[in-house]
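Structure first, then comments.
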Amino acid sequence: RVTAGICSAAARAAEENMKVKVKRWHGVAVWRWNTNDECCGICRNPFEACCPDCKVPGDDCPPVWGSCNHAFHMHCIVKWLQAQQTRQMCPMCRREWQFRQDEAPAECPTVPAPATAAAAAAGSAR
């Protein structure tokens, strides 16, 4: 009993004398896009990084999903779709590309079909 009393008295004394004063604090945060893949299937850069066209990662270069559930940087897939001559297909599974409706960002650009783009270019040349 005497030993227990000494230990508890020492613990109380230590609690009373030990005070911590925080002088400086640096918060650190980490963010990740919620994707099933780690990197873009076109440029092979991680989604936490940016595509080759962007300078800094973040909301200016978000991942977008197709109806086939493949994810790409927004700029990468738009450039890929614009380069397609006949049909706009997913670069991974070759299905017809359509942006997934539940994940498409509001500022997601529409990509004109190749025939429409050629007709528009011909019409503006007149």
Side-chain angles (χ1 to χ4, degrees):
R1 290 190 167 213
V2 175
T3 310
I6 293 173
C7 290
S8 63
R12 274 195 309 259
E15 286 177 5
E16 292 173 5
N17 293 330
M18 294 181 68
K19 294 182 181 178
V20 176
K21 183 176 182 181
V22 177
K23 293 184 177 183
R24 219 177 314 164
W25 181 68
H26 296 280
V28 177
V30 177
W31 61 271
R32 287 182 54 91
W33 290 110
N34 189 15
T35 61
N36 293 336
D37 300 322
E38 291 182 15
C39 60
C40 174
I42 297 173
C43 70
R44 306 305 296 166
N45 286 340
F47 286 115
E48 284 74 32
C50 54
C51 72
D53 293 341
C54 294
K55 293 184 175 149
V56 293
D59 291 337
D60 292 337
C61 191
V64 293
W65 287 262
S67 58
C68 58
N69 287 329
H70 288 120
F72 306 98
H73 287 116
M74 181 176 64
H75 299 122
C76 294
I77 191 66
V78 168
K79 190 184 289 186
W80 170 271
L81 294 174
Q82 288 173 343
Q84 299 297 306
Q85 296 297 319
T86 55
R87 289 182 40 207
Q88 295 180 344
M89 299 181 295
C90 172
M92 302 294 275
C93 65
R94 300 294 184 192
R95 284 194 206 164
E96 183 177 344
W97 178 263
Q98 292 179 354
F99 287 98
R100 195 165 81 187
Q101 295 303 313
D102 62 334
E103 296 290 336
E107 70 275 356
C108 185
T110 56
V111 180
T116 307
S124 64
R126 292 182 192 171

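In this structure, CZ in Arg95 is found 13.0 Å from CE in Met89, a value given to the nearest 0.5 Å. In this structure, the separation between CZ on Arg87 and CG on Leu81 is 12.5 Å, given to the nearest 0.5 Å.
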Identify every side-chain donor-acceptor pair in residues 38-45 under 3.5 Å, counting partners at least two apart or on other chains, and give the distances.
| unit_1 | atom_1 | unit_2 | atom_2 | d |
| --- | --- | --- | --- | --- |
| Asn45 | ND2 | Cys50 | O | 3.2 |

Could you walk me through whether Cys68 and Met92 satisfy the side chain to side chain contact (heavy atoms under 4.5 Å, CB included) test, starting with their C-alpha distance in whole Å, then the side-chain angles of each, then the deciding distance to 0.1 Å, before giving a yes or no? CA-CA 9 Å; Cys68 58; Met92 302 294 275; over 6 Å; no

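In this view, Asp53 and Lys79 satisfy the side-chain hydrogen bond (donor to acceptor under 3.5 Å, both in side chains) rule, not counting sequence neighbours. Residues meeting the ring-ring contact (aromatic ring centres under 6.0 Å, His included) test with Trp80, sequence neighbours left out: none.
Nearest approach of Gly66 to Arg100, heavy atoms of both residues: O-CB, 3.6 Å.
Considering only heavy atoms from C-beta on, Cys76 stays 4.5 Å or farther from Cys61 through its side chain. Side-chain contact between Ile77 and Pro91 is present, with at least one heavy-atom pair separated by less than 4.5 Å. Side-chain contact between Trp65 and Thr35: present, with at least one pair of heavy atoms (C-beta onward) separated by less than 4.5 Å.
Using cut-offs of 30° and 60° on the angle between ring planes, the pair Phe99 and Trp97 is perpendicular.
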